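Let me begin by presenting the structure, written as structure tokens, before commenting on it.
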Amino acid sequence: MTVNLLDFDLEGLAAWCEALGEKRFRAVQLFRWIHQKGAGNFAEMSDLARSLRAKLHERAEVRALPVLSEQRSLDGTVKWLFDVGGGNAVETVFIPEDDRGTLCVSSQAGCAVGCRFCSTGHQGFSRNLGTGEVVAQLWYAEHRLRAQLGLAAGERAIDNVVMMGMGEPLQNYAALVPALRTFLEDHGYGLSRRRVTVSTSGVVPMIDRLREDCPVALAVSLHAPDDALRESLVPLNRKYPIAELLGACERYLAAAPRDFITFEYCMLAGVNDTDAHAHALLRLTQGQGPAGERWPRVPCKFNLIPFNPFPASGLVRSPRDRVTAFAAILQNAGIVTTVRKTRGDDIDAACGQLAGEVLDRTQAAERLARRRVLPMVAAGRLHSPRSVA
Ligand code: SAH
Ligand code: SF4
């Protein structure tokens with residue numbers, strides 16, 4: 001089997017090239033061709049020696065993920081469904097905004113954490129994505145969008161990456177870190193550390209490792225101000241209760257590119273959205289647990305996410321005026337609080353809607369793939385991000 005060059009960060013590629021008897025600067029050239037120019041085949045890498053291209057051709061490839069579908073929302077959101085084999089598919093969502101473009105990237109097919117309000121969690125865990133499969137999502141989306149938007153050389157479509165697609169990134173740590181390094185690498189996508197965000201349900205030891213290995217912006221899915229409620233929503237809380245999670249957040253901030261943690265909070269009607277919950281959250285931000293115990297005090301912002309319903313959840317989205325009132329309690333106390341706009345509703349690209357759709361759509365997509373898509377992939381038509389359909 002040939003090596004997938006998308007599996008390497010720059011250091012990894014340099015080591016691989018050195019083993020081939022090539023100098024480090026060749027790895028830099030190759031990395032730039034792949035990630036900056038979106039090249040997928042070695043023939044077009046004109047400034048690499050013919051002998052190197054021949055070696056690459058024999059031993060390596062840029063293995064993209066087959067695209068099962070591309071959907072475009074009325075608000076400009078784009079959602080891709082990628083085939084990761086074995087009947088599994090993952091989704092990647094591009095969210096355009098006035099001053100920037102954000103890509104929401106998946107880290108696993110399914111998720112083992114099993115949060116009650118998340119359709120990926122209800123799907124169960126299939127498998128970890130490899131580094132190359134995580135990177136392939138940005139590689140494809142960036143170069144596809146550049147071609148579609150007709151951007152000039154050097155202009156980029158995506159300047160923000162959030163690990164908020166399917167899966168728990170900190171339960172796929174070994175694959176995640178080289179992918180993050182590729183996103184940050186100047187010879188790669190050159191994204192700022194402040195604009196790459198890992199979102200986690202709270203895997204405490206891995207938050208500590210991320211701080212050491214590759215500190216980027218951190219979002220923590222909190223969803224409740226006390227352990228009993230959080231356990232019922234995020235089962236991982238039994239292993240890593242809130243006080244420990246806040247401790248990890250405090251330590252993280254010592255190395256983080258931003259001086260606050262973003263707490264995500266999914267608004268569920270009658271479950272975690274009362275005034276009393278908001279006041280308990282305020283006490284949490286002041287370092288006080290529900291029984292008055294001392295908790296680490298973490299500088300933070302809140303991002304309230306109106307729940308995106310899916311049939312099996314049995315949960316209901318908080319009404320709009322409830323979300324506004326909840327946000328006001330936090331804001332009036334000086335805590336920066338935003339309410340996430342629901343984007344891509346018409347194509348089911350909103351937070352937490354990804355997996356149920358995938359399950360259904362994977363089967364539908366498979367049927368479709370057998371008939372139409374796979375022959376196109378085989379013919380190389382869906383592999384190239386730069387061909388504009
Ligand atoms: N596993 C990571 C990242 C992926 S989920 C995590 O849990 O943080 C990204 C965000 O979407 C999380 O904050 C998650 O709580 C939220 N989310 C999941 N399902 C949702 C739903 N149905 N409605 C709204 N937000 C949801
Ligand atoms: Fe997994 Fe995050 Fe969904 Fe929880 S919210 S099940 S951690 S993807």
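Computed from a predicted structure; not experimentally measured. As the structure lists them, so they are numbered: ligands from 1, and atoms in each ligand from 1. When a residue number appears, it is its place in the shown sequence, counting from 1.
The closest approach between G114 and ligand 2 falls below 4.0 Å for a heavy atom of the residue. Heavy-atom distances between M166 and ligand 1 stay at or above 4.0 Å for every pair. The shortest separation from a heavy atom of M163 to ligand 1 is under 4.0 Å, placing the residue in contact.
Heavy atoms of E264 found under 4.0 angstrom from ligand 1 belong exclusively to the side chain. The side chain of C266, and not its backbone, has at least one atom closer than 4.0 Å to an atom of ligand 1 (non-hydrogen atoms only; side chain from C-beta on). Contact annotation for S201 and ligand 2: only side-chain heavy atoms (C-beta onward) come within less than 4.0 Å of the ligand.
For the residue pair S106 and E91, no side-chain donor N or O sits within less than 3.5 Å of a side-chain acceptor on the partner. One side chain, H277 or T274, offers a donor N or O that lies under 3.5 Å from an acceptor on the other. Between the side chains of N308 and R317, at least one donor N or O lies within less than 3.5 Å of an accepting N or O. With no hydrogens or angles considered, no side-chain donor-acceptor pair links N172 and Q108 at under 3.5 Å.
Counting backbone and side-chain atoms alike, C111 contributes an N/O/S atom closer than 2.8 Å to atom 1 (Fe) of ligand 2.
Of the polar atoms of R340, none of the N or O atoms is found under 3.5 Å from an N or O of ligand 1, judged by distance alone.
Compare G165, S199, S221, C115 by their heavy atoms: the one nearest to atom 4 (C) of ligand 1 is in G165.
Side-chain atoms of E293 come within 3.5 Å of backbone atoms of A291 as a donor-acceptor pair (strictly under, hydrogens ignored).
Near T200, with a cut-off below 4.0 Å to any heavy atom, the atoms of ligand 1 are 6 (C), 8 (O). For ligand 1, the atoms closer than 4.0 angstrom to any heavy atom of I305 are 13 (O), 24 (C), 25 (N). Listed by atom number, the atoms of ligand 1 under 4.0 Å from F307 heavy atoms are 21 (C), 22 (N), 23 (N), 24 (C). Residue-ligand proximity, C118 to ligand 1, at heavy-atom distances under 4.0 Å covers atoms 18 (C), 19 (N). If you number the atoms of ligand 1 from 1 as listed, the ones under 4.0 Å from a heavy atom of G167 come out as 1 (N), 2 (C), 3 (C), 4 (C).
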